[in-house]
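We use all heavy atoms of the structure for the numbers below, so side chains are in, but hydrogens, waters and symmetry mates are not. Each chain gets a letter, A, B and so on, in the order its sequence line appears, and its residues count up from 1.
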2 protein chains.
Amino acid sequence: MKYELNACKVEDALSILVGKWKPIILLHLLNNGTQRFNQLRRSMPGITQKMLTKQLRELEAEDIIERVVYPEVPPRVEYSITEYGKSLQPILEAMHDWGVRHTLHKQKLQTQHG
Amino acid sequence: MKYELNACKVEDALSILVGKWKPIILLHLLNNGTQRFNQLRRSMPGITQKMLTKQLRELEAEDIIERVVYPEVPPRVEYSITEYGKSLQPILEAMHDWGVRHTLHKQKLQTQHG
DNA sequence: CAGTATCCAGGGCGATACTG
DNA sequence: CAGTATCGCCCTGGATACTG
């Protein structure tokens, strides 16, 4: 290992990403750029308005995403990743890469045991 | 971005790491090598036997750690990271690096707002 | 030493209804 | 359109006691 990893720091990152819909929200914003509330909602089948609002607010509180309200009728609210939020991308990529290999590993285990 | 990240894969990785004590356990095993049950326990102030057992069993079920029982009296059980478990290290490092920067970022925000 | 078994509190998350 | 408000389930995790 490059150096000793500190558990507290790891958990700081983990606490940001933990939440049933947070990774999905982040990936949608990273992949598709700025999105309106209902645009996000439609792209996440199964999420309720309450949960989407809650998860967005939590990410906003951590300065991971930005929320911009346009004073129009009907209301328009746009969400986007902040520069700081983009710094999470290496973590998401590392997880994605691992997830891809994890699928293969599980298949291998099943072949061995099954 | 290098390519589109898939939410399911990211969550596969996340689901392994989520658990109040799992990152701590993994870092202990990565930093210190094979450890006995009470050795881990002593290095994690606040954890109960039940929780340590539970988290260890879950990591074992995912083939992230290995559990070896020595049929002795008194019993000896040793835990270690598997080769597969070591593949999580890039994720933990990415989280650690981010966590370090997150601390600085929070301090910066507080200076601005406070 | 290395666990189980049991009970219990808090919070995450969902379903549903209502609103500026 | 983009939210709040309320209710309730379940699951994680903690406290405590017991055991091969």
Nearest-angstrom distance from the residue atom [atom1] of [X] to [atom2] of [N]:
{"X": "A/Ile25", "N": "D/dA2", "atom1": "CD1", "atom2": "P", "answer": "14 Å"}
{"X": "A/Lys54", "N": "C/dC13", "atom1": "NZ", "atom2": "C1'", "answer": "7 Å"}
{"X": "A/Glu60", "N": "D/dG3", "atom1": "CD", "atom2": "C1'", "answer": "13 Å"}
{"X": "A/Gln35", "N": "D/dC1", "atom1": "CD", "atom2": "C1'", "answer": "15 Å"}
{"X": "A/Met44", "N": "C/dC13", "atom1": "CE", "atom2": "C1'", "answer": "15 Å"}
{"X": "B/Glu78", "N": "C/dA2", "atom1": "CD", "atom2": "P", "answer": "9 Å"}
{"X": "B/Leu56", "N": "C/dC1", "atom1": "CG", "atom2": "C1'", "answer": "14 Å"}
{"X": "A/Leu40", "N": "D/dG3", "atom1": "CG", "atom2": "P", "answer": "10 Å"}

Using a cut-off of 4.0 Å on non-hydrogen atoms, how would the nucleic acid contact of A/Arg76 be classed: base, sugar-phosphate, or nothing? sugar-phosphate
Base, sugar-phosphate, or nothing: which does A/Gln55 touch, judged by heavy atoms less than 4.0 Å apart? sugar-phosphate
Please write out each protein N/O paired with an N/O of nucleotides 14-16 of chain C under 3.5 Å, distance rounded to 0.1 Å.
unit_1	atom_1	unit_2	atom_2	d
C/dG14	OP1	A/Lys20	NZ	2.4
C/dG14	OP2	A/Trp21	NE1	3.0
C/dG14	N7	A/Lys50	NZ	3.2
C/dG14	O6	A/Lys50	NZ	2.1

Report the C-alpha separation of A/Leu56 and A/Leu40 in whole Å, then their side-chain angles, then the decisive distance to 0.1 Å, and conclude whether the side-chain contact (heavy atoms from CB on, under 4.5 Å) test is met. CA-CA 10 Å; A/Leu56 287 169; A/Leu40 283 170; 4.0 Å; yes
Please name the pair of heavy atoms, one in [X] and one in [Y], separated by the smallest distance, quoted to 0.1 Å.
{"X": "B/Lys20", "Y": "A/Glu11", "value": "O-OE2, 3.7 Å"}
{"X": "A/Asn31", "Y": "B/Leu5", "value": "ND2-O, 3.6 Å"}
{"X": "A/Lys9", "Y": "B/Thr103", "value": "NZ-OG1, 2.8 Å"}
{"X": "A/Ser87", "Y": "B/Arg101", "value": "CB-NH1, 3.7 Å"}
{"X": "B/Gly46", "Y": "B/Trp21", "value": "C-CH2, 3.8 Å"}
{"X": "A/Val69", "Y": "A/Arg67", "value": "CG2-NH1, 3.7 Å"}

By nearest heavy atom, map B/Thr53 and B/Arg42 onto DNA chain C; which one lands nearer the 5' end? B/Arg42
Nearest heavy atom decides the nucleotide; on that basis, is B/Pro75 or A/Gly19 closer to the 5' end of DNA chain C? B/Pro75
Nucleotide nearest A/Arg57 when distance is taken to its side chain, options C/dC1, D/dG3, C/dC13: D/dG3
Which of these nucleotides, D/dG20, C/dG3, D/dA2, is closest to any side-chain atom of A/Phe37? D/dA2
Does B/Arg36 put a side-chain nitrogen or oxygen below 4.0 Å from OP1 or OP2 of C/dA2? yes
Please check the phosphate of C/dG3 (OP1 and OP2 only) for any side-chain N or O of B/Tyr79 closer than 4.0 Å. yes
Stem list, DNA chain D (Watson-Crick or G-U pairing under 3.5 Å, at least 3 consecutive pairs): C:1-20 with D:1-20
Can you label the angle between the A/Tyr84 ring and the B/His105 ring as parallel, tilted or perpendicular, going by 30° and 60°? parallel
Checking A/Thr34 side chain against A/Glu78 main chain: does a donor-acceptor pair fall under 3.5 Å? no
Begin from the C-alpha positions of B/His102 and A/Glu62 and carry the test side-chain contact (heavy atoms from CB on, under 4.5 Å) through to its verdict. CA-CA 10 Å; B/His102 186 55; A/Glu62 298 285 352; 3.7 Å; yes
